[in-house]
Amino acid sequence: MQGLKRSHYCGELTAVDNGRVVTLMGWVNTRRDHGGLIFVDLRDRTGLIQVVFSPEINSASFTKAGGVRSEYVLAVTGRVSIRPEGTDNPNLATGEIEVLVDELRVLSQAKTPPFYIEDGVEVDENLRLRYRYLDLRRPEMQHALHLRHRAAKAVRDFLDEHGFWEIDTPMLTRSTPEGARDFLVPSRLNAGRFYALPQSPQLFKQLLMVSGVDRYFQIVRCFRDEDLRADRQPEFTQIDMELSFVDVEDVLELMEKMVSRLCREMVGLEVETPLPRFTYQEAMDRFGSDKPDTRFGMELVDITDIARGCGFKVFTSAAEEGGQVRGINAAGCGGYSRKDIDDLTKFAAIYRARGLAYFIVTAEGAKSPITKFFNDQEIAAILERFNAREGDLLLFVADQPDVVAASLGALRVHLAEQLDIIPRDKFNFLWVTDFPLLEYDEEEKRWVAMHHPFTSPLEEDLPLLQTDPGKVRARAYDIVLNGIEIGGGSIRIHRRDVQELMFNAIGLTKEEAHEKFFYMLEAFEYGTPPHGGIAFGFDRLIMLLAGKKTIRDVIPFPKTQSATDLMTMAPGNVDERQLRELHIKSTLKKLPDQNNNKNK
RNA sequence: GGAGCUGUGGUGUAGCGGUCUAACAUGUCGGCCUGUCACGCCGAAGAUCGCGGGUUCGAUUCCCGUCAGCUCCGCCA
């Protein structure tokens, strides 16, 4: 730094520093050359400040400043000065002052960046990812990084205060059945064998409970080799924890405290506790989702009973075949055109809905191609149930319960977004409890654990485990924020007999269970405390606190939807020799071209 | 595995069968400018319209394929 030492950050200086000689270091945000006077906005992670080059202050520096360009890295020494009357800039935090530069040193020159280093720019995400280090210079990205850091620290402080120990668990571990697809790592020292990267530290944290750690946490990277979404990356970060001698209530209460403290400290928001709670069934019935967004209404309404007796075959047959007829009231959408409704129908079809019936509510009653299948009392009953008023649009789906819930649940959110009725400043946290313990896997033709095979069933549902597995509820809970699942966990099974019932229910024989989970089962024989835990999706939490639409915007170096890194071009090819050492051979006839350059 | 949207100078967009020899803004480069802060003014350079094929007298524009990015379904807690 050519003998200079930074005295302040750019954004730190205020009018109070007037007259002080300071040394600043940072990037050239913008340059305004007036011929006889040059202004530069200097940027570091704290913000911007205007620095002034004038031949009257230092002519050598002034001349040198003429050659300075965007994103050059400068060191400047000069005097802080209140700006001349009428030239202050209220749009800048440091707009009352400027630094009159005596000495200028160019620490680094810079090529013109491929996009503007400023907030709110809509650049092709391709470019942002390829030049991620430049993207991260933008103030909003810096804010996200800072928020992420502060949130991690707040979580550590909170959990430390509540007796948790931060303990790390292996990244090279053993592949386990159930759950997501594993990322595998070949073992050089053990030919033909593979490690798996952890989907979560689930089993290790339970073993730590057996070890008597009592309260564990970790802010930990997890890996799942599944397809990506706006809120799903192949590697992501969890706030993972586990507690001994607790029940559902204890976990929920503690986590409510953590969440409200995070909101207070991160975004100055007071969260009302206790948080609302919904059973899984209630959430599905009212919102068609196990992660309801309660920032707006438009709840689902069941009319299966009315539909059963009507003359409309689609409705009656759904009702007869164990399905449902339900709908939502798109209030004020009575003016929707044929095309608008077609678009909604197409949208519902994504979720396997075979059709979308509708009533347009007018002063003369319901209008629709299907009203002829209903008598006056039936129509009146439906309108009343939806609390329908003139100008409303009622939308119905008749199908199996899962299709009805999925399509109407998605339609509800879709319409709310389209109508812009979601209050953006609300943070609606809630719990969803009493999830089904098991769900039927059509592909494998067996019951599988919805959460994982160590999740404890509700005591009162135990007898159902052998007679009606689908009805068994779990001591599992999810925490949801504005319609996005941000965490989930459960009380675990610590009784040997219950664990055997569970394995039995998911079709694992004693021998298979032993083969797959021998170390867990063995450990559980040595005195297991009742325990339970939860894990938060840290990236999602930060995304919501930062007001972003995708976790890519709060992950420093994220991957694209096809799981590649456009900056490093990972995954890349490896040498034949590396493969040989790992005892691996590709089944591809031709290996992909190493320079398969995706960036034109 | 599937559906949809997008791809035009460095960047963001317009053009959607024919003076398109591709327009605008911004950036870049050169010149002028002592109070700007999206500085201003004058000038210049910069694009085989993602790639391949087809239809057509003629394709940036229409069709098919393909690649990349995004959103979603499936998948995934």
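No hydrogens, no waters, no symmetry mates; every other heavy atom, side chains included, goes into these values. In what follows, chains carry the letters A, B, and so on, assigned in the order in which the sequence lines appear, proteins first and then strands, with residues in each chain numbered from 1.
- One atom, CG of Asn126(A), and another, C1' of G10(B), lie 15 Å apart when rounded to the nearest Å.
- Remark: C1' of C39(B) and CG of Leu92(A) are 15 Å apart, rounded to the nearest angstrom.
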Inset, instruction - Take Ile97(A) and Gln50(A), measure what side-chain contact (heavy atoms from CB on, under 4.5 Å) needs, and give me the verdict at the end. - result: CA-CA 8 Å; Ile97(A) 54 169; Gln50(A) 173 166 283; over 6 Å; no
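- If you take atom C1' in C41(B) and the same atom in U34(B), they sit 16 Å apart, rounded to whole Å.
- By the 30° and 60° cut-offs, the orientation of the rings of Phe347(A) relative to His414(A) is parallel.
- Remark: the Glu98(A) side chain and the G35(B) base include a donor-acceptor N/O pair separated by less than 3.5 Å.
- Annotation: C62(B) and C49(B) have their P atoms spaced 15 Å apart (nearest Å).
- The CG-P distance, from Asp124(A) to U11(B), rounds to 9 Å in whole Å.
- Candidate nucleotides C70(B), C37(B), U34(B) were compared by shortest atom distance to the side chain of Gln50(A), and C37(B) ranks first.
- Proximity of Thr564(A) to the phosphate of G69(B): a side-chain N or O atom is located under 4.0 Å from OP1 or OP2.
- Two residues are said to be in side-chain contact when any heavy atoms from C-beta on lie closer than 4.5 Å; Leu356(A) and Leu411(A) meet this criterion.
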Inset, instruction - Do nucleotides 24-31 of chain B as a string where each nucleotide becomes B, S or -: B if the base has a protein heavy atom under 4.0 Å, S if just the sugar-phosphate does, - if no protein is that close. - result: --BSSSS-
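- A23(B) and C5(B) have their C1' atoms separated by 25 Å, with the value rounded to a whole Å.
- Nucleotide A44(B) forms a Watson-Crick or G-U wobble pair with U28(B), both donor-acceptor distances falling under 3.5 Å.
- Ring geometry for Phe183(A) versus Phe223(A): interplanar angle over 60°, hence perpendicular rather than tilted (30 to 60°).
- Within the 4.0 angstrom heavy-atom criterion, only backbone atoms of the sugar-phosphate kind lie near Leu127(A); the bases stay farther away.
- Base pairing analysis places C20(B) opposite nothing; no Watson-Crick or G-U wobble pair with both distances below 3.5 Å involves it.
- The C1' atoms of A47(B) and G12(B) are separated by 15 Å, rounded to the nearest whole Å.
- Here the side chains of Phe39(A) and Thr30(A) are not in contact, with every heavy-atom distance at 4.5 Å or above.
- Spacing of C1' atoms, G27(B) relative to G10(B), comes out at 7 Å, to the nearest Å.
- Side-chain N or O atoms of Asp461(A) include none that pairs as donor or acceptor with a backbone N or O of Val472(A) at under 3.5 Å.
- Stacking is found between His34(A) and the pyrimidine-like six-membered ring of the C39(B) base under the 5.5 Å centre-distance and 30° plane-angle cut-offs.
- Separation of atoms CZ (Phe217(A)) and CD1 (Ile239(A)) is listed at 9.0 Å; rounding is to 0.5 Å.
- Salt bridge status for Glu71(A) with Lys111(A): absent, with no side-chain N to carboxylate O gap under 4.0 Å.
- Look at CD1 on Ile57(A): it is 12 Å from C1' on G35(B), rounded to the nearest Å.
- Using a 4.0 Å heavy-atom cutoff across all strands shown, Glu122(A) reaches sugar-phosphate atoms only and no base atom.
- The distance between atom CD1 of Ile97(A) and atom C1' of G35(B), rounded to the nearest whole Å, is 16 Å.
- Residue-nucleotide stacking is not present for Phe115(A) and U11(B), judged by a side-chain ring centre under 5.5 Å from the six-membered base ring centre and planes under 30° apart.
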Legend entry - salt bridge (Lys or Arg N to Asp or Glu O under 4.0 Å) evaluation trace for Asp231(A) with Arg229(A): CA-CA 5 Å; Asp231(A) 60 357; Arg229(A) 288 284 190 285; over 6 Å; no
Legend entry - Letter per nucleotide, 5' to 3', of nucleotides 71-77 of chain B [B base touched, S only sugar-phosphate touched, - untouched; heavy atoms, 4.0 Å]: BBBBBBB
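- When the P atom of C39(B) is taken as reference, atom CG of Asn91(A) falls 12 Å away, rounded to whole Å.
- Of the nucleotides present, U71(B) is the one that pairs with A3(B) by Watson-Crick or G-U wobble criteria, both distances under 3.5 Å.
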Inset, instruction - Could you walk me through whether Arg137(A) and Arg43(A) pass side-chain contact (heavy atoms from CB on, under 4.5 Å), step by step? - result: CA-CA 9 Å; Arg137(A) 276 186 196 168; Arg43(A) 182 190 71 238; 3.5 Å; yes
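- Nucleotides C63(B) and A22(B) place their P atoms 25 Å apart, quoted to the nearest Å.
- Between the CG atom of Leu566(A) and the C1' atom of G69(B) there is a distance of 8 Å, rounded to whole Å.
- In this structure, Arg32(A) reaches the C39(B) phosphate: one of its side-chain N or O atoms is under 4.0 Å from OP1 or OP2.
- Straight-line distance from the NZ atom of Lys111(A) to the P atom of U11(B): 13 Å, rounded to whole Å.
- Within 3.5 Å, a donor on the side chain of Arg83(A) pairs with an acceptor on the base of U36(B), or the reverse.
- Cation-pi geometry between Arg412(A) and Phe296(A) is met: the NZ or CZ atom falls under 6.0 Å from the ring centre, inside 45° of the normal.
- A44(B) and C24(B): their P atoms are spaced 12 Å apart (whole Å).
- Nucleotide C62(B): paired with G54(B) (Watson-Crick or G-U wobble, both distances less than 3.5 Å).
- Checking Pro114(A) against Asn89(A), the closest nucleotide of RNA chain B that is more toward the 5' end is the one next to Pro114(A).
- With rounding to the nearest 0.5 Å, the separation of CG in Asn29(A) from OH in Tyr116(A) is 13.0 Å.
- Distance check on atom P: C16(B) versus C75(B) gives 43 Å, rounded to whole Å.
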